[in-house]
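Following: one structure in C-alpha cells, then a few remarks.
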Amino acid sequence: MDKDTFFDKVYEVVRQVPAGRVTSYGAIAEFLGMKGSARMVGYAMNVCRSASPPVPAHRVVNRNGLLSGKHHFPTPELMEQMLESEGVAVEEDQVVDFKKLFWHPAQELQV
DNA sequence: GCAATGACTGGAG
DNA sequence: CCTCCAGCCATTG
C-alpha cells in the first residue's frame, strides 16, 4: 500500500493505453521523466503479475514493436492473442503498423 | 551498503 | 545488414 513507487506510475500509464493501441517502454520511461531507464519499465512489467489491478502489459512492447515480453506471460501466445483481439495485427511476434498504432502517453493524456 | 539483475535503447563496429 | 557494448536507474538478495 502507499506504493508510490516507480512501478505504480508505470502501471497507471499502461492502463491509460486504449485498446487497439500499443506503446513502448522508452515512451513510458520518457513520460515519467526517466528517459533512458526503459529497463525499469520492463522490470515493472515483470512485477505486474503481483500488481493490482492487472496491467495490460500486452500493449507494451519494445521500441521495435516486438513482443519482447511475451515469454513472461502465462502463455507466450496469450500476448499476441490479446493484441489481435483488440484489433492489433501481430506478425512474427511483431506489431504490424506499430508506429501507426503507437500511443504517446503525454500526447493522449494532454487532450 | 554493495553487487547483481532486468519484458530496453541507441550508438558504434 | 547484423552484432556487440555501454548506459540507464530502481528493486532485490
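Computation of the quantities below employed the complete heavy-atom set of this structure, encompassing side-chain atoms and omitting hydrogens, waters and symmetry-equivalent molecules. Below, read A as the first sequence line, B as the second, and so on, with proteins coming before strands; counting in each chain starts at 1.
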Using a 4.0 Å cut-off to any heavy atom of chain A, which nucleotides of DNA chain C are the first and last in contact, reading 5' to 3'? C:dG7 to C:dT11
Over how many whole Å does the gap from A:Phe7 atom CZ to B:dT5 atom C1' extend? 12 Å
Tell me the stems DNA chain B sits in, counting at least three consecutive Watson-Crick or G-U wobble pairs, each under 3.5 Å on both distances. B:2-6 with C:9-13, B:8-13 with C:2-7
Nearest-angstrom distance from the residue atom CD1 of A:Ile28 to P of B:dA7: 15 Å
Can you find a pair of side-chain heavy atoms, one from A:Pro56 and one from A:Arg15, that are under 4.5 Å apart? yes
Give the table of side-chain donor-acceptor pairs shorter than 3.5 Å for residues 18-26 of chain A, with sequence neighbours excluded, one pair per line with atom names and distance.
unit_1  : atom_1 : unit_2   : atom_2 : d
A:Arg21 : NH1    : A:Lys100 : O      : 3.2
A:Thr23 : OG1    : A:Trp103 : O      : 3.1
A:Ser24 : OG     : A:Ala27  : N      : 3.3

Are the side chain of A:Tyr11 and the backbone of A:Ala44 linked by a donor-acceptor contact shorter than 3.5 Å? yes
Kindly determine whether A:Val61 and A:Met79 satisfy side chain to side chain contact (heavy atoms under 4.5 Å, CB included), including the steps that lead there. CA-CA 10 Å; A:Val61 294; A:Met79 187 167 185; 3.9 Å; yes
Those residues that, when tested against A:Phe73, pass ring-ring contact (aromatic ring centres under 6.0 Å, His included) (two or more places apart): none
Quick test of your reading: applying salt bridge (Lys or Arg N to Asp or Glu O under 4.0 Å), list the pairs with at least one residue in residues 66-87 of chain A, sequence neighbours left out, ordered by first then second residue. A:Arg59-A:Glu86, A:Lys70-A:Glu80, A:Lys70-A:Asp93
Figure out the OH/C1' separation between A:Tyr43 and B:dA7, and round it to whole Å. 12 Å
Given side chains that start at C-beta, do those of A:Val14 and A:Met45 come closer than 4.5 Å, heavy atoms only? yes
Qualifying salt bridge (Lys or Arg N to Asp or Glu O under 4.0 Å) pairs with a residue from residues 40-51 of chain A, counting only residues at least two apart or across chains: none
Where along residues 69-91 of chain A does a heavy atom fall under 4.0 Å from DNA chain B? A:Gly69, A:His72, A:Phe73
Does A:Asn46 have any side-chain contact (heavy atoms from CB on, under 4.5 Å) partners at least two apart in sequence or in another chain, and if so, which? A:His72
A:Val96 vs A:Val90 side-chain heavy atoms within contact, under 4.5 Å: no
Group every Ile, Leu, Val, Met, Phe, Trp and Tyr by side-chain heavy-atom contacts under 4.5 Å, then state whether A:Phe102 and A:Leu83 land in the same group. yes
I need the residues from residues 57-68 of chain A with at least one non-hydrogen atom less than 4.0 Å from DNA chain B; give them sorted by number, or say none. A:Ala57, A:Asn62, A:Arg63, A:Ser68
Applying side-chain contact (heavy atoms from CB on, under 4.5 Å) to A:Gln94 and not counting sequence neighbours gives A:Asn64, A:Leu66
